[in-house]
Amino acid sequence: MTRNRHNIAATLIITMTLLTTSASTQAQQIKVACVGNSITWGPGIPDRDHNSYPAQLQSLLGPGFDVRNYGNCGKCAQTSGDDPYTSTDEYAAALKFNPDIVVVKLGTNDSKPQNWKSQKQFGKDLDKIATAFAQLPSHPRIIMALPATAFNHAWGINDSIIQAGVIPAVTSICKKHNWQLLDLHTLTQTMSADFIDGIHPNTRAAGAIARAVRDAIATDPTRPQVLLKTDCGNIVVELFNETPLHRDNFLRQVKAGTFDGVLWHRVIDQFLIQTGDRLSKQAKAGQMLGEGDETPADWIPAEVRAPLYYHQYGMLNAAREGDDTNPLRKSSSTQFTIITGRTMDDAALDRTQTRIDEWTGNTFKLTPEMRQTYKTIGGAPHLDGSYTVFGRVVSGMEVVEAIEKTPTDHNDRPTTDIRIKRARIIRK
């Protein structure tokens with residue numbers, strides 16, 4: 001049980017897996033609302049349903065996320081402006097969506113002369129819009145984006161006002177609420193050739209914005225952190241907020257003392273180290289471990305967030321039963337691994353993709369960025385699309401590597417016991 005086996009592909013029931021995994025993933029999607037003006041909506045972009053920045057963001061984040069485009073052309077933040085966003089159907093729909101993450105990108109149209117005459121109202125009204133989202137039942141994470149660079153004065157838009165007035169106001173709002181700030185102005189200031197009319201991004205620039213938003217989501221400063229004190233030294237891990245079921249379960253287990261005294265019971269060089277079997281606390285020398293004391297009722301629903309989070313070096317992976325007995329790919333509530341893995345060349349990654357295709361029924365593909373990471377940093381790509389990655393090591397990988405290199409028996413258990421002496425939460 002819960003061994004992250006290399007050879008589970010032989011027992012897959014592909015049709016059943018596809019149906020049940022799809023339903024499971026859909027039910028746990030992270031909802032992302034992209035709020036903004038025409039730069040969000042995507043005028044002038046061919047096939048905007050696939051090439052606007054929110055559409056490209058959806059591709060970058062993968063099926064574990066539901067990204068919606070709530071852009072509306074010409075809209076401003078000020079309620080006294082010539083075309084307020086708060087009067088739109090998109091604003092009402094975005095609130096009703098009850099998102100988990102909101103990206104607010106307004107202010108470009110507020111720089112028009114007829115709107116900026118009420119400049120003192122801009123910050124107040126933008127604050128009200130973002131606060132309305134922050135107060136939703138979902139308590140979403142707010143990412144405030146600075147306007148993209150305006151390369152001319154089309155429609156009266158003024159980049160000097162954006163720099164001198166809009167940007168300071170947005171920055172002040174972020175500091176007031178401790179919201180995340182995303183600087184799209186600096187990102188785009190050298191991209192004039194990629195703005196169709198000097199104001200609106202083309203497909204390439206929209207892709208750059210999408211990647212910047214993706215990266216902002218992936219660099220969440222509010223992640224909880226846990227210290228694992230081991231016989232070999234300390235490891236600090238942080239837990240992803242985009243996998244809330246796994247995050248909350250892990251924190252519960254830490255508080256309950258589940259990990260205090262457990263062995264690193266499965267160690268495979270250039271692959272992973274595994275722990276969390278409660279039965280290992282009193283295990284005899286040489287005893288085979290990994291079956292644990294869980295029942296299926298204890299398992300955690302899958303939260304696969306690839307390609308945002310995948311099995312690169314240093315990631316926390318949730319151990320689980322194979323697909324033959326666990327078609328929903330639910331995770332163990334106590335057992336987890338830290339990925340070490342190895343680097344791979346293109347030929348090895350091509351073979352791995354064939355293996356992934358077999359396991360997922362051709363539903364998951366390694367992206368170019370993932371392939372580059374596996375070629376340079378390393379990891380265990382054959383697990384992608386099938387297992388939940390729910391955190392990463394932020395310090396102590398030298399300790400992980402020391403455990404990884406320890407001698408083991410034929411069951412991959414270290415011949416000398418190595419324990420987590422204590423686990424404690426160091427950042428909530």
Side-chain angles (χ1 to χ4, degrees), residues 1-30 63-64 239-240 242-266 272-283 287-306 309 311 315-339 358-361 363-364 380 382-391 411-413 420 423:
M1 294 178 65
T2 56
R3 290 191 174 207
N4 249 334
R5 294 181 179 90
H6 289 272
N7 61 350
I8 63 171
T11 56
L12 294 186
I13 304 173
I14 293 296
T15 303
M16 182 179 181
T17 298
L18 291 178
L19 291 175
T20 55
T21 301
S22 176
S24 176
T25 301
Q26 285 293 121
Q28 300 166 38
Q29 286 179 309
I30 298 294
L239 309 174
F240 298 144
E242 293 79 20
T243 52
L245 300 179
H246 285 72
R247 175 200 63 199
D248 294 348
N249 170 73
F250 196 88
L251 294 174
R252 281 194 302 270
Q253 301 294 355
V254 171
K255 292 175 182 177
T258 298
F259 304 127
D260 297 348
V262 295
L263 295 175
W264 294 97
H265 68 266
R266 182 170 180 249
L272 53 76
I273 64 173
Q274 183 168 336
T275 188
D277 183 348
R278 285 180 288 226
L279 298 181
S280 72
K281 294 184 181 185
Q282 306 298 327
Q287 179 181 338
M288 182 176 175
L289 297 168
E291 294 298 329
D293 58 353
E294 293 180 277
T295 68
D298 300 316
W299 295 346
I300 309 300
E303 294 179 297
V304 178
R305 303 300 185 218
Y309 302 127
H311 292 84
M315 289 295 189
L316 268 64
N317 156 277
R320 67 172 179 84
E321 291 284 359
D323 291 25
D324 50 341
T325 58
N326 179 25
L328 289 177
R329 294 173 173 168
K330 293 183 177 182
S331 304
S332 165
S333 66
T334 66
Q335 295 196 45
F336 66 95
T337 77
I338 298 176
I339 299 295
E358 292 173 355
W359 287 16
T360 67
T363 61
F364 185 82
H382 65 284
L383 302 178
D384 288 330
S386 299
Y387 288 77
T388 296
V389 172
F390 66 96
N411 289 319
D412 299 319
R413 175 179 167 178
I420 296 177

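The chain is numbered in sequence order, starting from 1. Keep in mind it's a predicted model, so treat the numbers as computed, not measured.
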Undergrad: Counting distance only, does the side-chain N/O of Thr334 pair as donor-acceptor with the main-chain N or O of Gly276 below 3.5 Å?
TA: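 Yes: the side chain of Thr334 pairs with the backbone of Gly276.
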Undergrad: Out of curiosity, Asn249 CG to Ile300 CD1, how far, rounded to the nearest 0.5 Å?
TA: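 Those atoms lie 4.0 Å apart.
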Undergrad: Looking at every non-hydrogen atom in both residues, tell me the closest pair between Val254 and Ala423 and how far apart they are.
TA: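 Nearest heavy atoms, Val254 then Ala423: CG1-O, 3.6 Å.
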Undergrad: Evaluate the side-chain proximity of Arg278 to Thr258: yes if any heavy-atom separation is below 4.5 Å, no if none is.
TA: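 Yes - at least one pair of side-chain heavy atoms lies under 4.5 Å apart.
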Undergrad: Has the side chain of Arg266 got a donor or acceptor atom that lies under 3.5 Å from a matching backbone atom of Thr337?
TA: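 Checked: no pair found.
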Undergrad: Measuring only between side-chain heavy atoms, which start at C-beta, is Pro296 closer than 4.5 Å to Thr325?
TA: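 Answer no - side chains too far apart.
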Undergrad: So does Lys255 have more than 12 non-hydrogen atoms from other groups sitting under 6.0 Å from NZ?
TA: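 No, not enclosed.
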Undergrad: Would you find a donor on one side and an acceptor on the other, under 3.5 Å apart, between the side chain of Glu294 and the backbone of Ser332?
TA: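 A pair under 3.5 Å: no.
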Undergrad: Would you indicate whether the side-chain heavy atoms of Trp359 and His382 approach each other to under 4.5 Å?
TA: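 SC-SC contact between His382 and Trp359 confirmed.
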Undergrad: side-chain hydrogen bond (donor to acceptor under 3.5 Å, both in side chains) for Glu303 and Thr243? Distances and angles first, verdict last.
TA: CA-CA 6 Å; Glu303 294 179 297; Thr243 52; 4.6 Å; no
Undergrad: For Gln29 and Pro63, indicate whether the former's side chain and the latter's backbone hold a donor-acceptor pair under 3.5 Å.
TA: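 Pair found, side chain donor or acceptor close to backbone of Pro63.
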Undergrad: Ring centres under 6.0 Å, that's the criterion: do Phe250 and Phe259 meet it?
TA: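 Ring-ring flag for Phe250/Phe259: true, centres closer than 6.0 Å.
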Undergrad: Test side-chain contact (heavy atoms from CB on, under 4.5 Å) on Trp299 and Glu321; report intermediate values, then the result.
TA: CA-CA 10 Å; Trp299 295 346; Glu321 291 284 359; 3.5 Å; yes
Undergrad: So which heavy atom on Pro301 is nearest to which on Lys330, and how close?
TA: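 Between these two residues, the closest heavy atoms are CA-CG, 3.9 Å.
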Undergrad: Return the set of residues passing side chain to side chain contact (heavy atoms under 4.5 Å, CB included) with Asp248 (not counting sequence neighbours), or none when no residue passes.
TA: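 Expected list: Arg252.
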Undergrad: Rounded to the nearest 0.5 Å, how far apart are CD of Gln274 and CD1 of Ile339?
TA: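 Taking CD in Gln274 and CD1 in Ile339, the distance rounds to 9.5 Å.
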Undergrad: Look at the aromatic rings of His311 and Tyr387 and report parallel, tilted or perpendicular, splitting at 30° and 60°.
TA: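 His311 and Tyr387: perpendicular rings.
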Undergrad: Can you tell me how far CG of Asp412 sits from CD1 of Ile273, rounded to the nearest 0.5 angstrom?
TA: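 CG of Asp412 is found 13.0 Å from CD1 of Ile273.
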Undergrad: Just by modelled atom types, is the Asp260 backbone N or O under 3.5 Å from a matching donor or acceptor in the Lys281 side chain?
TA: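 Here the side-chain-to-backbone pair exists.
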Undergrad: Just verifying a value: how many Å separate Ser333 OG and Asp293 CG, rounded to the nearest 0.5 Å?
TA: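 These two atoms lie 8.0 Å from each other.
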Undergrad: Quick one, Arg320 and Ser386 - any side-chain contact, counting heavy atoms below 4.5 Å?
TA: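 Side chain of Arg320 against side chain of Ser386, heavy atoms only: contact under 4.5 Å found.
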Undergrad: Okay, side chain of Asn411, backbone of Arg413: is any donor-acceptor separation there less than 3.5 Å?
TA: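 Flag not set: sc Asn411 to bb Arg413 has no pair under 3.5 Å.
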Undergrad: Hey, what do you get for CD (Gln287) to CD (Gln282), rounding to the nearest 0.5 Å?
TA: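 Taking CD in Gln287 and CD in Gln282, the distance rounds to 10.5 Å.
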Undergrad: Test side-chain contact (heavy atoms from CB on, under 4.5 Å) on Val304 and Arg329 and set out the steps.
TA: CA-CA 9 Å; Val304 178; Arg329 294 173 173 168; over 6 Å; no
Undergrad: For the residue pair Ser280 and Leu289, what are the closest heavy atoms and their distance?
TA: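 Answer, listing the atom of Ser280 first, then Leu289: CB-CD1, 3.6 Å.
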Undergrad: Can you tell me how far CG of Leu272 sits from CE of Met315, rounded to the nearest 0.5 angstrom?
TA: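 Here the rounded value is 15.0 Å.
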Undergrad: Could you check if a side-chain atom of Leu316 sits within less than 4.5 angstrom of a side-chain atom of Phe240, using non-hydrogen atoms only?
TA: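 No. Closest side-chain heavy atoms not under 4.5 Å.
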Undergrad: Kindly give the heavy-atom pair with the smallest separation between Pro244 and Ile30, and that separation in Å.
TA: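 Smallest interatomic distance, heavy atoms only, reads CD-CD1, 4.3 Å.
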Undergrad: Could you check whether any side-chain N or O of Arg305 sits under 3.5 Å from a backbone N or O of Glu242, counting only pairs where one atom can act as donor and the other as acceptor?
TA: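 At least one qualifying donor-acceptor pair exists.
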Undergrad: With a 3.5 Å distance limit and no angle check, can you tell me whether Thr275 reaches the backbone of Leu263 through a side-chain donor-acceptor pair?
TA: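 Checking the backbone N and O of Leu263 against the side chain of Thr275, a donor-acceptor pair under 3.5 Å is found.
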